[in-house]
Amino acid sequence: MVQAKSWILKQHFEGFPKDSDFELKQEQLPEPKDGEVLVEAVFLSVDPYMRPYSRVRMQPGDVMIGTQVAKVIQSNNPAFPVGCHVVGRCGWRTSTVSDGTGLTRVLNDWPQDVPLSLAIGGLGMPGLTALYGLEEVLAIKPGETLLVNAAAGAVGSVVGQIAKLKGCKVVGSAGSDAKVAYLKELGFDQVFNYKTVPSLEEALKQASPEGYDCFFDNVGGLFSSVVLPQMKYLGRIAVCGGISLYNDEEPQTGPYPHLNMIFKELRMEGFLVGRWEHKNEESLKRMLAWVQEGKLKFREHVTVGFENMPAAFMGMLQGENTGKAIIKV
């Protein structure tokens, strides 16, 4: 019998999450039955989506949702032999008995010099979100100008690098001078700290006086409203996230986008990465090649200790991380 720990959503978040919303529990796991495996978490992910999803997909008492890189410890399932690593939607748990549902083996040819933690970061869901948002939703073309906000986060930092690989001019917005410096190291053409510029509107105009062909939106709210008038005719907007809205106790209202959408004939599309799940293996191999060629780089914000998951989650929502926020067990 294996003793496992898990973090429970004790009560739905009201406004910004707090320590008392979480509860750490222990349980004894049963031996894996035929077709089942026992996996042990190695790295766990905290992501912005967990905040809004907790309201619509969870009830108080549920284990917090989330993805992890885990190692197979016991196996009665030939698809997952002992010792292999998987990416699993196991939630905030140290160990899990699974029938294989929601488990995906890490690529067989995963290079030894590439950290496994990237399988829940730049070479996982966040990286694929960046890729599909650019290729499938925005259909970016060489020579276009792309704007991405929350640009130093797990998704935004990959968005900018791939857009540069594809011949675009990239403008990024981030929330600290250190993040601005990091994005310049990655090759972004223009970057600004949205918290310190006198005017967001003027900062956007100075970064690209001719306007923007594409906008990869991770933030929503006021930021997005300021961008819309600066989109070019027939501009495209990929709505990936709305982190400025997630912790509101009262919904934000207006200004409304309709006239800009109509007169500029803009296209705005929301998306979830799972739409293109059938392409994941091929896409990850392409991205892994970019990593090995030195064309795609990642930074991770690592918190050590499963007991620190709530703090890591809340810190991520406050923008403490540069790159992907992960927990090392």
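Numbering starts at 1 and runs along the sequence shown.
Note on Val42: it does not cluster hydrophobically with Phe80, by side-chain heavy-atom contacts below 4.5 Å among ILVMFWY residues. Linking Ile, Leu, Val, Met, Phe, Trp and Tyr whenever their side-chain heavy atoms come within less than 4.5 Å leaves Ile73 and Val86 in two separate clusters. Residue Val97 is not grouped with residue Val37 when hydrophobic side chains (ILVMFWY) are merged at heavy-atom distances under 4.5 angstrom, including chains of intermediate members. Cluster membership check: Val219 shares its hydrophobic cluster with Leu266, using side-chain heavy-atom separations under 4.5 Å among Ile, Leu, Val, Met, Phe, Trp and Tyr. Following chains of ILVMFWY side-chain contacts shorter than 4.5 Å, one cannot reach Val72 starting from Leu38, and the two form parts of different hydrophobic clusters.
Pairing each heavy atom of Ala174 with each of Lys179, the nearest pair is CB-CB, 3.8 Å. Between Val170 and Gly160, the closest heavy-atom pair is CG2-O, 3.7 Å. Trp110 and Pro115 get closest at one heavy-atom pair: CZ2-O, 3.4 Å.
Here the side chain of Gln161 pairs a donor or acceptor atom with the backbone of Lys297 at under 3.5 angstrom. In terms of modelled atom types and a separation under 3.5 Å, the side chain of Gln68 and the main chain of Gly91 share a donor-acceptor contact. The backbone N or O of Gly220 sits less than 3.5 Å from a side-chain atom of Ser244, completing a donor-acceptor pair. Side-chain atoms of Ser75 never come within 3.5 Å of backbone atoms of Val82 as a donor-acceptor pair (strictly under, hydrogens ignored). At least one donor-acceptor pair closer than 3.5 Å links the side chain of Arg236 to the backbone N or O of Leu138. Using a distance-only test at 3.5 Å, with no hydrogens or angles considered, a donor-acceptor pair links the side chain of Asp62 to the main chain of Gln59. The backbone N or O of Cys84 lies less than 3.5 Å from no partner atom in the side chain of Arg105, so there is not a single donor-acceptor pair. Remark: side-chain polar atoms of Asn218 are paired, donor with acceptor, to backbone N or O of Asn149 under 3.5 angstrom.
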Step by step, work out the ring-ring contact (aromatic ring centres under 6.0 Å, His included) result for Phe313 and Trp7. CA-CA 12 Å; Phe313 175 61; Trp7 278 105; over 10 Å; no
Evaluate the criterion side-chain hydrogen bond (donor to acceptor under 3.5 Å, both in side chains) for residue pair Ser224 and Asp217; output intermediate values, then yes/no. CA-CA 7 Å; Ser224 302; Asp217 189 8; 2.4 Å; yes
Run the side chain to side chain contact (heavy atoms under 4.5 Å, CB included) test on Val197 and Glu202 for me, step by step, so that the C-alpha distance in whole Å, both residues' side-chain angles and the decisive distance to 0.1 Å come before the verdict. CA-CA 9 Å; Val197 292; Glu202 288 304 314; over 6 Å; no
Residues Val148, Phe188; criterion side chain to side chain contact (heavy atoms under 4.5 Å, CB included); working and verdict: CA-CA 10 Å; Val148 57; Phe188 281 55; 3.9 Å; yes
Check the pair Met64 / Met58 against side chain to side chain contact (heavy atoms under 4.5 Å, CB included), numbers first and verdict last. CA-CA 8 Å; Met64 280 293 297; Met58 297 183 63; 4.0 Å; yes
Side chain to side chain contact (heavy atoms under 4.5 Å, CB included) between Met309 and Lys5, intermediate numbers included: CA-CA 12 Å; Met309 283 205 71; Lys5 297 178 182 179; over 6 Å; no
Could you please spell out the steps behind the side-chain hydrogen bond (donor to acceptor under 3.5 Å, both in side chains) verdict for Ser157 and Tyr182? CA-CA 9 Å; Ser157 58; Tyr182 170 61; 4.8 Å; no
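The distance from the CG atom of Leu317 to the CZ atom of Phe16 is 5.0 Å, given to the nearest 0.5 Å. Rounding to the nearest 0.5 Å places CZ of Phe223 at 9.0 Å from OH of Tyr194. Atoms CD1 and CZ, on Ile162 and Phe216 in that order, are 9.0 Å from each other to the nearest 0.5 Å. In this structure, the separation between SG on Cys240 and CD on Glu269 is 12.0 Å, given to the nearest 0.5 Å. If you take OH on Tyr246 and OG on Ser54, they are separated by 11.0 Å, rounding to the nearest 0.5 Å. Considering CD of Glu40 and NE2 of His85, their distance stands at 9.5 Å, rounded to 0.5 Å.
Under a cut-off of 6.0 angstrom, the local environment of NZ in Lys295 is sparse, with at most 12 non-hydrogen atoms contributed by other residues, nucleotides or ligands. The number of heavy-atom neighbours closer than 6.0 Å to NZ of Lys71, taken from other residues, nucleotides and ligands shown, is 12 or below. Residue Lys184 places its NZ atom among 12 or fewer non-hydrogen atoms of other residues, nucleotides or ligands, all under 6.0 Å distant. At most 12 heavy atoms of other shown residues, nucleotides or ligands fall within 6.0 angstrom of atom CZ in Arg89. Other residues, nucleotides and ligands contribute over 12 non-hydrogen atoms within 6.0 Å of the CG atom of Asp109. Environment of CG in Leu272: sparse, with no more than 12 heavy atoms of neighbouring residues, nucleotides or ligands closer than 6.0 Å. Applying the 6.0 Å contact sphere to CD of Glu307 captures more than 12 heavy atoms from other residues, nucleotides or ligands. More than 12 heavy-atom neighbours from other residues, nucleotides or ligands sit within 6.0 angstrom of CD on Glu210.
Under a 4.0 Å N-O distance rule, the pair Asp189/Lys164 qualifies as a salt bridge. Under the 4.0 Å criterion applied to side-chain N and carboxylate O atoms, Glu27 and Lys25 are not assigned as salt-bridge partners. The residues Lys166 and Glu135 are annotated as salt-bridged, a charged nitrogen and a carboxylate oxygen being separated by less than 4.0 angstrom. Note on Lys279 versus Glu136: salt bridge recorded, some NZ/NE/NH1/NH2 to OD/OE distance being below 4.0 Å.
For the pair Tyr132/Asn280, a side-chain contact is recorded, criterion being any heavy-atom separation below 4.5 Å from C-beta on. Two residues are said to be in side-chain contact when any heavy atoms from C-beta on lie closer than 4.5 Å; Leu118 and Glu300 meet this criterion. At a threshold of 4.5 Å between non-hydrogen side-chain atoms, the residues Leu204 and Tyr212 count as touching. Using a 4.5 Å heavy-atom threshold, the side chains of Leu146 and Val159 count as touching. Thr67 has its side chain within reach of Val87: a pair of non-hydrogen atoms, C-beta onward, lies under 4.5 Å apart. Taking the side chain as every heavy atom from C-beta outward, Val63 and Ile8 approach each other to under 4.5 Å. The shortest side-chain heavy-atom distance between Leu128 and Trp276 does not fall under the 4.5 Å cut-off. Residues Phe13 and Phe22 are in side-chain contact: their nearest non-hydrogen atoms beyond the backbone lie under 4.5 Å apart.
Between His258 and Tyr256, the angle of the ring planes lies from 30° to 60°, which puts this pair in the tilted group.
Each salt bridge (charged side-chain N to carboxylate O under 4.0 Å, His left out) pair with one or both residues in residues 41-56, not counting sequence neighbours, appears once here: Glu14-Arg55, Asp47-Lys324.
With respect to Glu282, the side-chain hydrogen bond (donor to acceptor under 3.5 Å, both in side chains) criterion is satisfied by exactly one of Lys285, Arg286, His278: Arg286.
Side-chain contact of Gln190 with Gln206: a donor-acceptor pair under 3.5 Å is absent, judged by distance alone. A donor atom on one side chain and an acceptor atom on the other are found under 3.5 Å apart for Asp21 and Gln11.
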